[in-house]
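Atoms considered below: every heavy atom in the structure, side chains included; atoms not considered: hydrogens, waters and symmetry mates. In each ligand, atom 1 is the first atom listed, and ligand 1 is the first ligand listed.
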Amino acid sequence: MSTPSRLPKLAHARRVVRRSISIQSAGIAKQVLSKVQGKRTPTSGQKESSEANAALATPSVRKPLSASNHTASSRATTSTSLKRPLVTASLPRGVPSCKISRTVQQTPASINQSKELESKYKETVFENDQLKLKIASYEIQLKTLQETLALQTAQLSQKNESLLQLTTQLATASAQATNSDLKSKLLEAEIETLQGTIKSQSEQLNAKNDIISQLSTQLTTVSSQLTISESQHKATSALYQKSLVEIDDLRSQNSRLLNEAKEAEIAHKKEILSCNDRIRLLLNEVVDLRGRIRVVVRLRPFLPEESSSTSVSHLGFPDLRSISVKANNKSSTYQFQHVFGCSSSQQNVFGEVKELVESVLHGYNVAIIAYGQTGSGKTFTMRGGEGEQAGIIPRAIEFMFETKKKLTHLEWRYDYSASFLEVYNDEVFDLLADDKTKLKVSVGSGQVEIPCLKSLDLSCPEDLYELLAVSDKNRSTASTKMNSSSSRSHAVFLLKVTATNTMTNQSFSSLLSMVDLAGSERAKESEVEGARFTEMTHINKALSNLQNVIRALLKKEQHVPYRNSKLTLLLQECLGKGNSKTLMIVNLRPSGSHIAETKRSLEFAQNTSKTTIGAAVKTETH
Ligand SMILES: Nc1ncnc2c1ncn2[C@@H]1O[C@H](COP(=O)(O)OP(=O)(O)OP(=O)(O)O)[C@@H](O)[C@H]1O
């Protein structure tokens, strides 16, 4: 802050300079006046008046000079008034004193006065010279002062510049201060916002604190509960440990009991199995007692289209095992294992067959053969329709799967696989194959072998229907006078059974053949010719050969002519060989118009079962 302190000094310097200039100027003016007076020799009144005029003619120096001038003037006046008398009052204004002196008469007084004036003049000249010297000295001083003034002016302008710079800096500083003000206002606003935030957060904090205090209370409650629970837990743990020991004891007891139970179960199963085996043997004996080749008869009902001739007066049913035929006033009665009348259901028929199917599950080979003239119901009996109309084949399969399930607990495992073939014109064809190619049949080591025959595993009863759907498409049928959809071939369904017992390591395989023979009819009655006649010839030849085989078996002949036809060759394993059992179902038409063929069928059936126990006995009455 040097500037403000310097400013008064500077003003003071200026005043000093101005005063000195005024004084000097006043001095100079005096000198000039004196020179002029010196030339004109003014009177004191004129001199005073000139001084006054000069003082008045110089307005710039009038005022500052007034004091000093007054002093000088009064000094001059005083000196004048002391040294000479005042005559100016008697002189008119503007009249020079010299002129007065010339006009005045020179007297001694005036000479003295003149001498006095002369000495005064000399004094005045001297004073004038003194003044000139003073003026010269003042001029030098003035010059010095001017130089000083110039120097000080330059310094002053420098200082002014500095002052300006300082002013600029001051302005900058003040702008910065304004900026700072703005910033501070912003900060204030920010602070205000922050204060608001702090306030809301404080409120939240308070709310949270409330929650915390509530939680603390809860925690205290829970802690006390926990303490109680811990003590309970300790008590429970002790109980648990005790229980664990008891459980271990029980476990060991349990495993011991389990082992005992297992052993008992095995023993029990073994006992059941041996019982089962005994039952099987007994069953087999019963089956054998009924005859290894058994025959049942089934009379089908009249069909809707046969309603005009519904009389069965030519047939008689003395009991469940007998049937009588009246022809040409001659009545013949035939006895069989069973005779099923028109009203017998598919289930009734299967009831007779079931024990043989069971024999297959016991390891015996079985053949179930449907025999009869065309249209007598062979296919219906073997295949049947849907639901209650289902025939022997689907029912046998169903029964086998049921039995398989039942025997699982005795550790028996059964696997079934099926083939379906037909013998047409003494050639064998696979009914499950895509193309109809002849199959070769050979017998090696007592077993029938058909190399390319398809065999499908049955995992459930439903698999059978897929198989039958395929075979139905391939079966050889034709429309004849006797049957609109007559089977022109012998259809043979083969079911191979493989059984193993994991407990006893027993295993066996057996075969169930279910045969739907082609219709046995006379050429004359069927009125067939050409290809149909050839078919019929082959059909009858095969049936006749079947009869021959059965006869040979009945007579226990050494040679059984199985090889005489493909049908008997195929069926030999189930037909008479080993422990095989055969059931023949002889189907009859109810109409009296087929009485001759009915009699022939009954004759054929009688011959097949003649020598077995319980076999049909032919009795004739007249
Ligand atoms: N027990 C029965 N109950 C009702 N209808 C039957 C019965 N037996 C057979 N039929 C019907 O009689 C007709 C002929 O039967 P099926 O075709 O089974 O004779 P088939 O002996 O097989 O003849 P073919 O030897 O010519 O093939 C069919 O329409 C069949 O539905």
Side-chain angles (χ1 to χ4, degrees), residues 296-310 312 315 317 323 338-353 368-395 420 422-425 431 468 471-493 514-523 525-528 531-544 546 567 584-591 593-594 597-598 600-602 604-605:
V296 296
V297 171
R298 184 179 196 187
L299 178 71
R300 76 154 167 82
F302 282 100
L303 301 177
E305 59 267 27
E306 296 168 335
S307 57
S308 57
S309 54
T310 54
V312 286
L315 296 173
F317 303 94
I323 182 168
H338 200 99
V339 175
F340 295 100
C342 300
S343 56
S344 295
S345 67
Q346 295 282 62
Q347 196 179 346
N348 294 151
V349 176
F350 185 71
E352 186 65 31
V353 175
I368 300 167
I369 302 168
Y371 177 89
Q373 74 171 114
T374 189
S376 60
K378 301 183 291 294
T379 306
F380 183 84
T381 300
M382 296 311 290
R383 286 277 307 278
E386 288 183 2
E388 283 303 303
Q389 299 292 298
I392 290 170
I393 295 174
R395 283 173 190 272
F420 210 174
E422 71 173 356
V423 182
Y424 177 72
N425 288 351
L431 287 174
L468 292 179
S471 68
D472 281 349
K473 280 192 277 177
N474 296 330
R475 182 95 196 261
S476 300
T477 57
S479 180
T480 65
K481 190 189 169 218
M482 308 291 278
N483 188 357
S484 60
S485 177
S486 178
S487 308
R488 308 312 297 158
S489 64
H490 311 289
V492 182
F493 184 93
M514 292 180 271
V515 187
D516 177 8
L517 291 172
S520 58
E521 67 267 353
R522 294 285 161 96
E525 287 158 8
S526 299
E527 295 176 8
V528 289
R532 298 283 87 84
F533 182 79
T534 313
E535 283 170 4
M536 201 183 69
T537 312
H538 280 291
I539 289 166
N540 286 327
K541 194 181 162 196
L543 290 175
S544 149
L546 177 65
L567 178 69
M584 185 165 299
I585 304 169
V586 177
N587 295 86
L588 303 174
R589 292 178 76 129
S591 170
S593 56
H594 298 290
E597 194 58 45
T598 301
R600 271 197 291 277
S601 294
L602 288 170
F604 173 85

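Take His538 and apply the ring-ring contact (aromatic ring centres under 6.0 Å, His included) test, not counting sequence neighbours, and it matches no residue. Here Arg383 pairs with Asp472 under the salt bridge (charged side-chain N to carboxylate O under 4.0 Å, His left out) rule; sequence neighbours left out.
Screening Leu299, Leu588, Ile323, Leu315 against Val339 for a side-chain contact (heavy atoms from CB on, under 4.5 Å) leaves a single residue, Ile323.
Below 30°, between 30° and 60°, or above 60°: for Tyr371 and Phe604 the angle between ring planes is below 30°, a parallel geometry.
Within the 4.0 Å heavy-atom shell around ligand 1 one does not find Arg383. Residue contact annotation: Pro301 has a non-hydrogen atom under 4.0 Å from ligand 1. Using a non-hydrogen distance threshold of 4.0 Å, Leu303 registers as a contact of ligand 1.
Taking NE2 from His594 and OG1 from Thr374, the interatomic distance works out to 9.5 Å, rounded to the nearest 0.5 Å. Expressed to the nearest 0.5 Å, how far CG of Leu567 lies from CG of Leu543 amounts to 7.5 Å.
Those atoms of ligand 1 that come under 4.0 Å of a heavy atom in Arg300, given as number and element, are 7 (C), 8 (N), 9 (C), 10 (N), 12 (O). Close contacts between ligand 1 and Gln373 involve ligand atoms 21 (O) [criterion: under 4.0 Å to a heavy atom]. Listed by number with element, the atoms of ligand 1 under 4.0 Å from a non-hydrogen atom of Gly519 are 25 (O).
Any N or O atom pair closer than 3.5 Å counts here, and Asp516 shares no such pair with ligand 1. Taking only nitrogen or oxygen atoms, main chain and side chain alike, Ala518 does not reach within less than 3.5 Å of ligand 1. For a threshold of 3.5 Å applied to N or O pairs, the pair formed by Gly375 and ligand 1 contains at least one separation below that value.
Considering each of Arg298, Lys378, Arg589, the one bringing a non-hydrogen atom nearest atom 21 (O) of ligand 1 is Lys378.
Within the 4.5 Å cutoff, the side chain of Thr598 has no heavy atoms near those of the Ser601 side chain.
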